[in-house]
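Structure, as structure tokens:
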There are 2 protein chains.
Amino acid sequence: MASKPRRPIPDATVSRLPIYQRVLDDLQSRDVATVSSEDLAELAGVNAAKARKDLSFLGSYGIRGVGYEVDYLLFQIRHALGLTQQWPVLIVGVGNLGRALADYAGFTTRGFPVAALVDDDPAKIGTEHVGIEIHPLADLAALVRDLGIAIGVIAIPSSGAQRVADLLVEAGVSSILNFAPAVLSVPDDVHLRQVDLAVELQILSFHRQRGQRETDQIDVDRGPH
Amino acid sequence: MASKPRRPIPDATVSRLPIYQRVLDDLQSRDVATVSSEDLAELAGVNAAKARKDLSFLGSYGIRGVGYEVDYLLFQIRHALGLTQQWPVLIVGVGNLGRALADYAGFTTRGFPVAALVDDDPAKIGTEHVGIEIHPLADLAALVRDLGIAIGVIAIPSSGAQRVADLLVEAGVSSILNFAPAVLSVPDDVHLRQVDLAVELQILSFHRQRGQRETDQIDVDRGPH
DNA sequence: GACCGCTTGTGAAACGCTGCACATGGTTGC
DNA sequence: GCAACCATGTGCAGCGTTTCACAAGCGGTC
């Protein structure tokens with residue numbers, strides 16, 4: 001209530017806040033009390049002016065001549081990101097990717113405990129993974145309701161992704177993280193984010209080729225191809 | 001050689017080209033010969049004008065009054081992305097995430113065959129995963145050289161990520177895709193992309209909370225609008 | 001208690017991206 | 001062969017983001 005953002009926080013800033021949080025977590029665990037925008041920016045891999053401007057959207061929490069108090073800044077970032085409470089997530093698809101996500105320590109430690117696993121493979125249903133029982137797809141709506149799931153993660157092949165997204169929306173999930181390489185359509189009030197692993201490689205490929213074209217002109221010293 | 005981009009292709013466009021490619025792949029497999037910018041944009045989840053502008057950076061490959069020839073456009077996109085040849089990748093870390101990536105069909109079908117797996121767990125070394133032998137970390141440089149690896153994928157916990165990145169760079173890899181939640185530093189001529197799974201959830205959390213705050217004030221009419 | 005050095009917070013300029021609106025030019029039908 | 005139609009390609013204006021440069025403010029020092 002007290003901290004209503006006067007200016008709305010830009011999307012670009014929001015996408016960097018988790019990075020600052022991670023860096024600050026690390027500093028905190030090493031008992032560092034304060035940090036300057038320059039050091040923080042260095043650790044986060046950004047420009048110092050950008051870091052200051054990003055943090056200024058949260059409020060004026062720095063001390064001139066000194067820097068930012070690590071503990072307090074961490075609290076403010078968590079608050080801005082809505083991480084003052086835990087958000088249980090449900091993962092659909094317990095293949096290698098689903099298991100990797102369920103195991104991923106970063107989820108739980110950052111306030112996103114994996115509360116439920118769902119799959120449609122009869123051989124998997126009823127078994128457990130890291131202590132979490134695997135439920136059939138039909139139980140999805142009940143799980144969302146009973147566990148207070150706010151975020152659904154889609155980790156299945158793209159052919160079934162839209163159907164699962166529809167199920168999640170219908171069950172009342174308000175945010176979806178999709179790993180299937182498919183464009184999903186969801187209502188406007190549902191937040192959808194897309195992580196496409198192959199896209200990242202293709203972007204690398206583009207830059208690689210572009211760099212090589214330049215060096216083509218100068219010389220070629222790529223070993224045996 | 002003939003098609004040297006007069007204007008450099010903007011980053012934002014590059015990041016969308018793989019999406020167009022995926023959509024066009026799908027159209028091609030359904031024997032669709034031509035597609036309009038409007039239909040393509042719809043399938044890719046973007047604005048029609050944006051799609052046209054994106055494609056115009058590749059050259060003038062559309063036919064006014066008709067649309068784009070699917071086969072030809074696909075070829076041009078592949079060419080622009082440097083996907084006219086295969087780029088073998090090496091994955092470091094054969095945990096659940098590494099296995100998920102090795103299994104991921106999207107890699108191979110898009111020209112990025114997984115050519116080598118590396119891990120430092122003695123229990124895993126020498127065993128195989130989907131027919132690919134797991135090598136010790138010490139073999140990294142030799143594998144890169146012998147297999148002509150251009151892209152390295154880091155799928156290990158963040159504590160060892162920088163060390164592995166250094167090894168990859170030293171071995172001559174020019175592009176790195178990092179899944180470890182850590183900021184890595186590499187030379188300027190090495191391309192680095194970061195995929196941070198927890199960051200995506202935190203961004204969702206932010207928007208979720210913001211949406212809730214707004215509706216708190218007005219009232220709730222979540223239903224179909 | 002005044003000064004000096006240091007770091008924050010921010011106006012403003014530069015840059016890149018988006019989306020509209022329309023001229024351009026190819027195709028089809030008569 | 002001409003006209004009507006249609007979808008592309010792009011000039012331009014608006015918007016968000018980045019970056020610079022500097023005033024404002026805090027803490028330590030003499």
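Side chains included, hydrogens not; waters and symmetry mates left out as well; all remaining heavy atoms used. Convention: sequence-line order gives letters A, B, ...; per-chain numbering from 1.
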d([atom1], [X]; [atom2], [N]) in whole Å:
X        : N       : atom1 : atom2 : value
Leu55(A) : dT17(D) : CG    : P     : 16 Å
Leu40(B) : dT8(D)  : CG    : C1'   : 13 Å
Phe57(B) : dT10(D) : CZ    : C1'   : 10 Å
Leu73(B) : dA7(D)  : CG    : P     : 16 Å
Gln76(B) : dT8(D)  : CD    : C1'   : 16 Å
Lys50(B) : dT8(D)  : NZ    : C1'   : 18 Å
Arg52(A) : dT17(D) : CZ    : P     : 19 Å
Asp39(B) : dC6(D)  : CG    : P     : 14 Å

Q.
Both Asn47(A) and Asp11(A) contact DNA chain D. Taking the nearest nucleotide for each, which residue is further toward the 5' end?
A.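 That would be Asp11(A).
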
Q) Quick one: on DNA chain D, does Arg16(A) or Arg64(A) contact a more 5' nucleotide (nearest heavy atom)? A)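 The answer here is Arg16(A).
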
**Q.** Boundaries of the chain B footprint along DNA chain C (any atom under 4.0 Å from a heavy atom)
**A.**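 Contact boundaries, 5' end first: dC17(C) to dT27(C).
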
Q. Base, sugar-phosphate, or nothing for Ala49(A), non-hydrogen atoms under 4.0 angstrom?
A.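 The residue Ala49(A) makes base contact.
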
Q. Between Arg208(A) and Ser175(B), is any side-chain donor less than 3.5 angstrom from a side-chain acceptor?
A.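 Note: Arg208(A) and Ser175(B) side chains miss the donor-acceptor criterion.
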
Q.
Hydrogens and angles aside, do Arg52(A) and Ser37(A) bring a side-chain donor and acceptor to less than 3.5 Å of each other?
A.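 Yes, Ser37(A) and Arg52(A) have a side-chain donor paired with an acceptor closer than 3.5 Å.
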
Q) Does the ring centre of Tyr72(A) sit less than 6.0 Å away from the ring centre of Tyr61(A)? A)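 Yes.
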
**Q.** Side chain Lys53(A) and base dT19(D) donor-acceptor under 3.5 Å
**A.**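 Under the 3.5 Å cut-off, the side chain and the base do form a donor-acceptor pair.
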
Validation row: [X], [Y] side chains within 4.5 angstrom (heavy atoms):
X         : Y         : result
Leu40(B)  : Leu24(B)  : yes
Ile203(A) : Phe206(A) : no
Leu43(B)  : Val183(A) : no

**Q.** Salt-bridge contact Arg78(A)-Asp25(A) (side-chain N to carboxylate O under 4.0 Å)
**A.**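 Looking at Asp25(A) together with Arg78(A), the answer is yes, because their closest N to O distance falls below 4.0 Å.
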
Q) Reckon Ser37(B) has a side-chain N or O less than 4.0 Å from the OP1 or OP2 of dA7(D)? A)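 For dA7(D), OP1/OP2 do not have a side-chain N/O of Ser37(B) under 4.0 Å.
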
